[in-house]
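What follows is a short report on a single structure.
Computed from heavy atoms alone, side chains included, the values below leave out hydrogens, waters and symmetry copies.
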Amino acid sequence: MAQAIRNAKVPPNSVNLEEARQRVFEFFRSACRSLPTVMEVYNLYDVATISQLRSTIAAEIRKNDHITNPKVIDMLLFKGLEELKNVVNHSKQRHHIVGQYVVGRRGLEQQELASKEQGISNFLKDFYNSNYS
């Protein structure tokens, strides 16, 4: 499967919205089919399941469900295909995958803030809040 993703070519532009929609479904299927390989390559079994990663991919696709221009959808599919190729080809490191797809961007920021504030005294917290808020 990984070989098929590596050799995938960028398809021509979609003619209409229905064709673009079909391509989104094909992309989602190919991304889900590559998840076992990704889990194996990045050793993600201790931090996530395949269903959690599948849900993350679906959420990323659903973020753009309001777009109705086929050219914009094709551009987003191209970007998604490039991201999938980078992940399958092991162009990213494990912590990139964990931070971006397992923990999520907002969850990672919240964890960083919580860990930074643990060692700060109340005086410094009040000082930062009063001067930098």
Side-chain angles (χ1 to χ4, degrees):
M1 185 58 183
Q3 188 65 25
I5 296 296
R6 288 184 186 125
N7 295 331
K9 302 283 189 238
V10 177
N13 290 337
S14 300
V15 177
N16 55 21
L17 187 59
E18 186 58 33
E19 184 180 347
R21 186 172 179 261
Q22 286 304 114
R23 288 185 182 180
V24 171
F25 288 137
E26 290 171 12
F27 169 74
F28 179 71
R29 283 187 207 107
S30 66
C32 288
R33 287 182 186 131
S34 67
L35 284 178
T37 304
V38 170
M39 292 286 287
E40 185 71 29
V41 167
Y42 291 100
N43 194 19
L44 297 175
Y45 295 109
D46 58 338
V47 293
T49 63
I50 291 178
S51 63
Q52 288 173 332
L53 292 178
R54 188 180 314 116
S55 297
T56 302
I57 293 170
E60 288 290 321
I61 290 174
R62 284 190 193 109
K63 269 192 337 190
N64 298 312
D65 66 350
H66 63 281
I67 296 172
T68 57
N69 186 346
K71 290 183 180 182
V72 176
I73 294 172
D74 288 340
M75 186 261 318
L76 290 170
L77 279 173
F78 174 74
K79 289 172 81 175
L81 187 60
E82 286 297 312
E83 180 72 16
L84 183 60
K85 282 182 186 179
N86 285 338
V87 169
V88 170
N89 290 337
H90 209 280
S91 298
K92 293 185 173 219
Q93 294 182 3
R94 184 176 189 267
H95 68 277
H96 295 136
I97 304 298
V98 170
Q100 195 169 12
Y101 299 109
V102 176
V103 177
R105 293 183 180 133
R106 295 189 187 261
L108 192 60
E109 291 171 1
Q110 290 172 352
Q111 282 182 352
E112 288 175 359
L113 287 175
S115 65
K116 287 180 183 178
E117 290 181 358
Q118 275 182 337
I120 298 176
S121 68
N122 289 334
F123 172 77
L124 285 177
K125 286 180 189 177
D126 293 338
F127 176 77
Y128 292 143
N129 287 334
S130 64
N131 289 326
Y132 297 108
S133 296

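Follow the hydrophobic side-chain contacts under 4.5 Å out from Val15 and you never reach Phe78; the two are in separate clusters. Grouping the Ile, Leu, Val, Met, Phe, Trp and Tyr side chains by contacts below 4.5 angstrom, directly or via other members, places Val47 with Tyr45.
Across every non-hydrogen atom of Pro36 and Cys32, the tightest pair is CD-O, 3.7 Å. Of all heavy-atom pairs between Ala20 and Ser14, the closest is CA-OG, 3.5 Å.
For His96 and Tyr101, the ring centers sit 6.0 Å or farther from each other.
Enclosure of atom CZ in Arg94 by more than 12 non-hydrogen atoms of other residues, nucleotides or ligands within 6.0 angstrom is indicated.
Checked by atom type and distance alone, the side chain of Tyr42 pairs as donor or acceptor with a backbone atom of Lys92 at under 3.5 Å. Put simply, the side chain of Asn69 gets close to the backbone of Lys71: a donor and an acceptor are under 3.5 Å apart.
With rounding to the nearest 0.5 angstrom, the CD atom of Gln100 is 11.0 Å from the NE2 atom of His95. Of the inter-residue distances, the one linking Phe28 atom CZ with Leu84 atom CG reads 12.0 Å to the nearest 0.5 angstrom. Atom CG of Asn13 sits about 11.0 Å away from atom CG of Leu77, to the nearest 0.5 Å. Distance CD1/Ile67 to CG/Leu76: 4.5 Å, rounded to 0.5 Å. Rounded to the nearest 0.5 Å, atoms NZ (Lys79) and CD (Glu83) are 10.0 Å apart. A distance of 11.5 Å separates CD1 of Ile97 from CE of Met39, quoted to the nearest 0.5 Å.
Side-chain contact between Ile73 and Leu17 is present, with at least one heavy-atom pair separated by less than 4.5 Å. Between Val102 and Leu53, some side-chain heavy-atom pair lies under the 4.5 Å cut-off. With a 4.5 Å cut-off on side-chain heavy atoms, Leu35 and Ile57 count as touching.
Each of Val87, Asn89, Val88 was checked for a side-chain contact (heavy atoms from CB on, under 4.5 Å) with Lys85, and the lone residue meeting it is Asn89.
One finds a salt bridge joining Glu60 and Lys63 here, because a Lys/Arg side-chain nitrogen approaches an Asp/Glu carboxylate oxygen to under 4.0 Å. A salt bridge links Glu19 to Arg23: at least one charged side-chain nitrogen sits closer than 4.0 Å to a carboxylate oxygen.
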